[in-house]
Protein chains: 2
Amino acid sequence: MQTAAGTRPNATRTDLCSAGPPRPPRPDGQDRYTISEVAALTGLSAHTLRWYERIGLMSHIDRSHTGQRRYTNADLDWLDLVGKLRLTGMPVADMVRYAELVRAGESTYGQRRALLESTRGDVLRRITELRDTLAVLDLKIDFYGDLERVRDQEVT
Amino acid sequence: MQTAAGTRPNATRTDLCSAGPPRPPRPDGQDRYTISEVAALTGLSAHTLRWYERIGLMSHIDRSHTGQRRYTNADLDWLDLVGKLRLTGMPVADMVRYAELVRAGESTYGQRRALLESTRGDVLRRITELRDTLAVLDLKIDFYGDLERVRDQEVT
DNA sequence: TAGGACGTTGGAGTGCGCTCCAGGCAAGCG
DNA sequence: CGCTTGCCTGGAGCGCACTCCAACGTCCTA
């Protein structure tokens, strides 16, 4: 709680803002993917992909002549958006609502935009919260760093 | 996806980074709070407060002569930290682990600091993710804004 | 033609973070 | 004295977002 705050002399290498492992890139020139390919590309499980379809978060997926799902690039685009929305903490039910608006056609542009703007506000609030939390964490980290340093001096 | 991106001419008033409703301030000069007072101060339910204690997220709370909980300012401080950690998405089990380290005394300074630094990394990653998401949302919002404007022109 | 990998379905199960319930005790009030 | 209000307990229940199961079909390769 004391200490010349804000210095963070002991910042670690994790500071670089790496945002997780990079997903395998989408091979181009292709427009029909099996469910396991999509699972690999998105990081979602095949279970989850089927579940998304059942609850209406994805519109009906194309099928092969034997009834197996064949995802298109447009489906992958949609999954990218869903992934982003999921990161915001938006409940799946709300994403389903958005999906329904998209399916309902262009008369819903206004509603879609309103939903996205409300989500945008959520994200901004969330970022602010996280920054506040970061400040608290830095204080605590410095505090413990100081305590350790003092203890080391005692020992020396 | 097209449009002169990045302009956001139609930003709304929700842009101000208000981070939720302000909690009622802690009355000073007081150091014994009933569970419902703490619930009001923290926004947690009394159920949740008792549950936190049961799972070891809070060390044993003082009791009145009739066995009712009496929280101290130190308890409220701890709940503030817990609230921050919760905002980071840290699982309750990890917070319990941190609480155990605190109870274990000063020999755990290093571990506590390591845990906080790892959490700090999580928060940085999370902020990056949210900023990426924000960019996508802004693109979409502008896109729908443009579509609506075009449609209005058609009507006019 | 056999084997194994991969896909299908409806429905049940899981883990997390609460949330609520029933039954009971203690204090304050008219 | 009864009534209300607030708190206590252990344990059951809930909503969300998956996650898995059993039983079966299909594709590919050898």
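We use all heavy atoms of the structure for the numbers below, so side chains are in, but hydrogens, waters and symmetry mates are not. Letters A, B, ... are given to chains in the order of the sequence lines, protein chains preceding strands, and every chain is numbered from 1. Nothing here was measured: the structure is a model prediction, and the numbers come from that model.
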Which pairs of donor and acceptor atoms, one on a side chain in residues 34-43 of chain B, lie under 3.5 Å apart (sequence neighbours left out)?
unit_1   : atom_1 : unit_2   : atom_2 : d
Thr34(B) : OG1    : Ser36(B) : OG     : 3.3
Thr34(B) : OG1    : Glu37(B) : N      : 3.2
Glu37(B) : OE1    : Thr34(B) : N      : 2.7
Thr42(B) : OG1    : Val38(B) : O      : 2.8
Thr42(B) : OG1    : Leu44(B) : N      : 3.1

**OP:** Verify the contact: side-chain N or O of Tyr52(A) to OP1 or OP2 of dA17(D), cut-off strictly under 4.0 Å; return yes or no.
**Re:** no

Original post:
Is it true that Glu106(A) and Arg113(A) have a side-chain N and a carboxylate O under 4.0 angstrom from each other?
Top reply: no

Sub-3.5 Å pairs of nitrogen or oxygen atoms, protein against nucleotides 19-24 of chain D:
none

Subject >> Non-neighbouring partners of Arg126(B) that pass salt bridge (charged side-chain N to carboxylate O under 4.0 Å, His left out), sequence neighbours left out >> reply: Glu129(B)

Using a cut-off of under 3.5 Å, enumerate the N/O to N/O pairs linking the protein to nucleotides 22-26 of chain C.
none

Subject >> Nearest-angstrom distance from the residue atom CG of Leu44(B) to C1' of dG17(C) >> reply: 12 Å

Original post:
From the list dC6(C), dC8(D), dT9(C), which nucleotide is the closest neighbour of the side chain of Ser36(A)?
Top reply: dC6(C)

**OP:** Write down the distance between CD1 (Ile35(B)) and C1' (dT9(D)), rounded to a whole number of angstrom.
**Re:** 12 Å

Subject >> Interatomic distance where OH belongs to Tyr33(B) and P belongs to dC7(D) [whole Å] >> reply: 16 Å

**OP:** Could you list the residues that satisfy ring-ring contact (aromatic ring centres under 6.0 Å, His included) with Tyr144(B), not counting sequence neighbours?
**Re:** Tyr109(A)

**OP:** If a pair satisfies side-chain hydrogen bond (donor to acceptor under 3.5 Å, both in side chains) and one of its residues is in residues 81-90 of chain A, list it, with sequence neighbours excluded.
**Re:** none

Subject >> With Arg26(A) via salt bridge (charged side-chain N to carboxylate O under 4.0 Å, His left out) - residues at least two apart >> reply: Asp77(A), Asp80(A)

Original post:
Taking only side-chain nitrogens and oxygens of Arg50(B), does any of them come within less than 4.0 Å of OP1 or OP2 of dT9(D)?
Top reply: no

**OP:** Give, ordered by number, those residues of residues 72-100 of chain B having at least one heavy-atom distance below 4.0 Å to an atom of DNA chain C; if nothing qualifies, reply none.
**Re:** Arg86(B), Pro91(B), Val92(B)

Subject >> Contacts of type salt bridge (charged side-chain N to carboxylate O under 4.0 Å, His left out), residue Asp94(B), not counting sequence neighbours >> reply: none

**OP:** Output all residues satisfying ring-ring contact (aromatic ring centres under 6.0 Å, His included) with Tyr52(A), sequence neighbours left out; order by chain, then residue number.
**Re:** none

**OP:** Applying salt bridge (charged side-chain N to carboxylate O under 4.0 Å, His left out), name anything that partners Asp122(A), two or more places apart in sequence or on another chain.
**Re:** Arg125(A)

Subject >> For Ser107(A), side-chain hydrogen bond (donor to acceptor under 3.5 Å, both in side chains) partners two or more places apart >> reply: none

